[in-house]
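Here the structure is a predicted model, which is why all the values come from computation and not from measurement.
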Amino acid sequence: MGGIHMDAIAILGFFCLISAVITYGLGIFVYAKNPDSRVNRLFLMVTAGASYWAVGEYLIWSVNSYENVLFWLKASSLWTVVIVMCIHFILCFADHPMARRENRVYLIMLLYIPAIILAGVNFFTDHIFTVAYSPDFRYYYTPSIGDPIYTAATIYFLAILFWAIYIGWQARRFAGNDTLMRQSSSVSIGLLILLGFGSQSVVILPLFGIFAPNMVFIGIVLFSVAITYAILKYGLFILSPETVATNIIQTMPDGLILTDMDGRVITTNSSAKKLLAGSFQTNPGVFTGPPLPEPIFSKIRDDIVRNGMISDYELIPDSDTKKTMSVSGSLVTDPDRGPAGLILIIHDITERKNAEKALKLANEKISLLTHLTRHDISNLVMAVSGYLEILESEDDEQRRKEILSVCMNLVEKITRHLHFSREYQSIGLHEPVWQDCERLIMRAVWDIQHDQIELIINLVPAEIFADPLSVKVIYNLLENAMRHATGISRIEIYSQEMDDGSYALVIEDDGPGVRPDEKERIFKQGYGKNTGLGLTLAREILLVTNILICENGEFGKGARFEIRIPPESWRKKTRE
């Protein structure tokens with residue numbers, strides 16, 4: 001039996017302490033970069049376990065009595081778990097299927113159960129390591145070479161370490177870009193160094209009768225250097241195969257849900273929980289059953305099983321919020337190509353559907369207007385033509401002037417119809433947009449001369465979904481009040497949230513008001529002191545997004561126009 005000089009033992013023992021400090025410090029550094037990453041959390045566990053192992057190794061070689069060496073040898077028995085945690089880290093880093101939640105049982109059976117059993121064997125028996133003594137050397141621990149259990153343990157750990165190295169190189173091979181490729185190379189090289197130094201102390205040196213502090217800790221320091229280099233140079237733990245996939249899933253605006261065939265949710269992201277929170281009366285966002293209500297989920301599942309995938313399946317999962325979702329999905333198969341689960345991508349298309357409905361409504365109204373305008377102008381042209389024929393045969397000069405006056409009035413009516421048609425067709429020309437209500441009001445106010453009138457504005461902060469021409473509605477209401485309301489001195493604009501969830505925007509003045517029999521007629525085309533088109537246009541502009549307007553003031557006390565915005569066409573706005 002041989003040994004090494006005591007100074008060398010002291011140096012190697014001190015190296016164990018250095019390894020513990022460096023390794024644990026690196027683990028804290030990596031964890032702090034992204035505490036939510038499973039890879040980063042697992043790396044912290046690996047470094048904490050390696051530090052514990054290194055301190056135990058230092059204490060073994062710092063004492064020189066049988067009892068103390070045996071105590072610290074047994075106390076360090078969990079080194080087996082540290083090794084399998086390192087393998088687990090490599091699997092997670094490479095996003096290997098074995099590291100996924102659905103394969104957790106296999107991971108525990110393959111790695112953690114054998115490691116815990118071997119740790120127990122090491123703690124309670126001498127089948128793996130035993131304490132020996134040399135008068136020329138000291139008390140030391142030595143592997144139980146020749147013991148079948150030691151041989152089996154050595155083969156097992158070498159096998160899973162080589163497997164981890166292979167997985168690391170496979171991750172390098174299939175990396176999507178040079179950065180991920182270099183990250184995988186750094187991790188794999190560091191693991192090779194760790195394996196090389198560890199095998200020296202556990203296998204090679206004991207064969208030559210050389211016993212010293214475990215050189216695996218030199219490998220741990222060099223492994224830490226490789227990891228640090230990859231962090232600084234290639235953004236390791238910020239961009240990795242596992243963290244990239246996880247971050248994409250968690251930060252994507254669309255909802256992603258993985259379910260089994262019975263609808264039990266395996267995993268999901270925060271967007272899915274938020275989008276579908278309203279579908280569940282209790283525990284919003286916590287899927288205790290299928291993520292979509294029945295029978296919708298069963299129909300989607302059957303379509304996916306039949307066709308392999310679906311695309312743009314539209315549904316309204318919650319009648320209260322009236323959100324419209326688009327669901328795309330594909331089938332997940334087991335190794336025998338049988339159906340194992342579903343991947344669903346959920347996209348909120350509420351705004352798109354509202355815009356489509358608004359544009360369809362606007363197009364229908366424009367088509368109707370075109371028909372009516374063509375009919376009215378045709379009648380007016382025929383009337384002008386008839387009067388001109390009469391004019392041609394009329395000799396009385398006074399009568400001729402009267403006929404010409406009638407013709408000019410008819411031409412003026414035709415002009416007004418054409419002007420109204422031009423204004424009207426602008427409705428729905430652009431998609432409805434979310435507009436800050438206060439800014440909308442102020443844009444209209446700025447265009448009105450109101451120096452002699454007190455203007456009071458008191459609004460609940462909100463955004464409304466309306467045609468971009470909505471500013472003309474407010475302008476028209478203010479202009480009408482100032483033009484027609486005799487003796488007006490005050491206009492008040494305010495808003496409030498109603499019990500039915502709608503948003504009421506009110507414009508009222510202190511003028512004479514509107515007679516009861518005129519409250520609806522003022523919105524009819526042709527009614528009024530001027531062209532009679534302003535309030536007609538106002539109502540049509542608002543109807544693009546199902547917004548209603550009415551006059552409900554008390555005659556003699558002032559006009560009161562109430563614009564009622566439905567729940568789906570407004571949302572609260574936080575004050576800045």
Side-chain angles (χ1 to χ4, degrees), residues 16 19-28 30-31 38-60 70-94 96 98-101 103-130 141 143-144 147 149-165 167-168 187 190-191 193-195 197-199 201-203 213-217 219-221 223-224 227:
C16 292
S19 170
V21 173
I22 293 175
T23 304
Y24 186 67
L26 182 62
I28 294 294
V30 167
Y31 175 76
R38 184 174 53 145
V39 170
N40 294 40
R41 292 196 301 268
L42 191 55
F43 185 75
L44 175 62
M45 294 172 61
V46 171
T47 56
S51 299
Y52 142 82
W53 185 9
V55 171
E57 186 76 11
Y58 168 75
L59 292 171
I60 288 173
L70 181 63
F71 174 81
W72 290 114
L73 177 64
K74 301 302 182 182
S76 302
S77 295
L78 289 177
W79 60 267
T80 58
V81 179
V82 176
I83 293 178
V84 298
M85 282 196 303
C86 185
I87 307 300
H88 190 181
F89 159 71
I90 298 296
L91 294 175
C92 286
F93 168 80
H96 191 273
M98 186 66 75
R100 295 170 187 167
R101 181 176 298 179
N103 296 321
R104 185 178 296 170
V105 173
Y106 303 109
L107 183 71
I108 292 173
M109 292 177 62
L110 178 65
L111 295 180
Y112 285 97
I113 290 179
I116 292 172
I117 291 174
L118 290 173
V121 171
N122 189 73
F123 185 82
F124 292 107
T125 73
D126 295 331
H127 285 295
I128 297 179
F129 288 105
T130 185
Y141 72 91
S144 301
D147 190 299
I149 294 179
Y150 170 80
T151 303
T154 302
I155 293 172
Y156 170 74
F157 284 116
L158 288 175
I160 61 175
L161 282 168
F162 278 116
W163 179 50
I165 293 170
I167 290 171
V187 172
L191 198 59
I193 294 172
L194 190 63
L195 177 61
F197 278 95
S199 62
S201 294
V202 177
V203 179
N214 200 329
M215 295 179 68
V216 71
F217 299 105
I220 288 177
V221 171
F223 176 72
S224 300
I227 294 294

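Closest approach of Leu44 and Thr47 over heavy atoms only: O-OG1, 2.8 Å. The minimum heavy-atom distance linking Met98 with Trp163 is given by the pair CG-CH2, 4.4 Å. Taking all atoms of both residues into account, the shortest heavy-atom contact from Val82 to Ala50 is CG1-N, 3.7 Å. Nearest heavy atoms, Ile128 versus Trp79: CG2-CZ2, 4.2 Å. Taking all atoms of both residues into account, the shortest heavy-atom contact from Ile113 to Met109 is CD1-CA, 4.1 Å. Listed here is the closest heavy atom pair of Leu118 and Thr80: CB-CG2, 4.1 Å.
Judged as a side chain to side chain contact (heavy atoms under 4.5 Å, CB included), and not counting sequence neighbours, the contacts of Thr151 are Ile155. Not counting sequence neighbours, the partners of Leu73 by the side chain to side chain contact (heavy atoms under 4.5 Å, CB included) test are Ile60, Phe129, Val131, Tyr141. Applying the side chain to side chain contact (heavy atoms under 4.5 Å, CB included) test to Ser51 and every residue at least two apart in sequence or in another chain returns Ala20, Thr23, Tyr24. In this structure Met45 satisfies the side chain to side chain contact (heavy atoms under 4.5 Å, CB included) test together with Leu42, Met85, sequence neighbours excluded. For Asn103, there are no side chain to side chain donor-acceptor pair (under 3.5 Å) partners two or more places apart in sequence or in a different chain.
Put simply, SG on Cys86 and CZ on Phe157 are 12.0 Å apart, with the number rounded to the nearest 0.5 Å. Put simply, SG on Cys92 and CZ on Phe43 are 13.0 Å apart, with the number rounded to the nearest 0.5 Å. The OG1 atom of Thr130 sits 12.5 Å away from atom OH of Tyr150, with the distance rounded to the nearest 0.5 Å. With values rounded to the nearest 0.5 angstrom, Ile83 atom CD1 is found 7.0 Å from Ile160 atom CD1.
Annotation: salt bridge (Lys or Arg N to Asp or Glu O under 4.0 Å) contacts involving residues 106-118, sequence neighbours excluded, are absent. Pairs of residues two or more places apart, or lying in two chains, never qualify as salt bridge (Lys or Arg N to Asp or Glu O under 4.0 Å) while including a residue from residues 103-122. Identified under the side-chain hydrogen bond (donor to acceptor under 3.5 Å, both in side chains) test for residues 111-123, with sequence neighbours left out: Ser77-Asn122, His88-Tyr112. Among residue pairs with one or both ends in residues 43-52, none qualify as salt bridge (Lys or Arg N to Asp or Glu O under 4.0 Å); sequence neighbours excluded. Residue pairs meeting the salt bridge (Lys or Arg N to Asp or Glu O under 4.0 Å) criterion with at least one partner in residues 43-53, sequence neighbours excluded, do not occur; the list is empty.
Judged by distance alone, with hydrogens and angles left aside, the side-chain atoms of Ser144 form a donor-acceptor pair with the main-chain N or O of Asp126 at under 3.5 Å.
For Trp53 and Tyr58, the distance between ring centers is not under 6.0 angstrom.
Residues Arg41 and Tyr31 meet the side-chain proximity criterion, which asks for heavy atoms closer than 4.5 Å.
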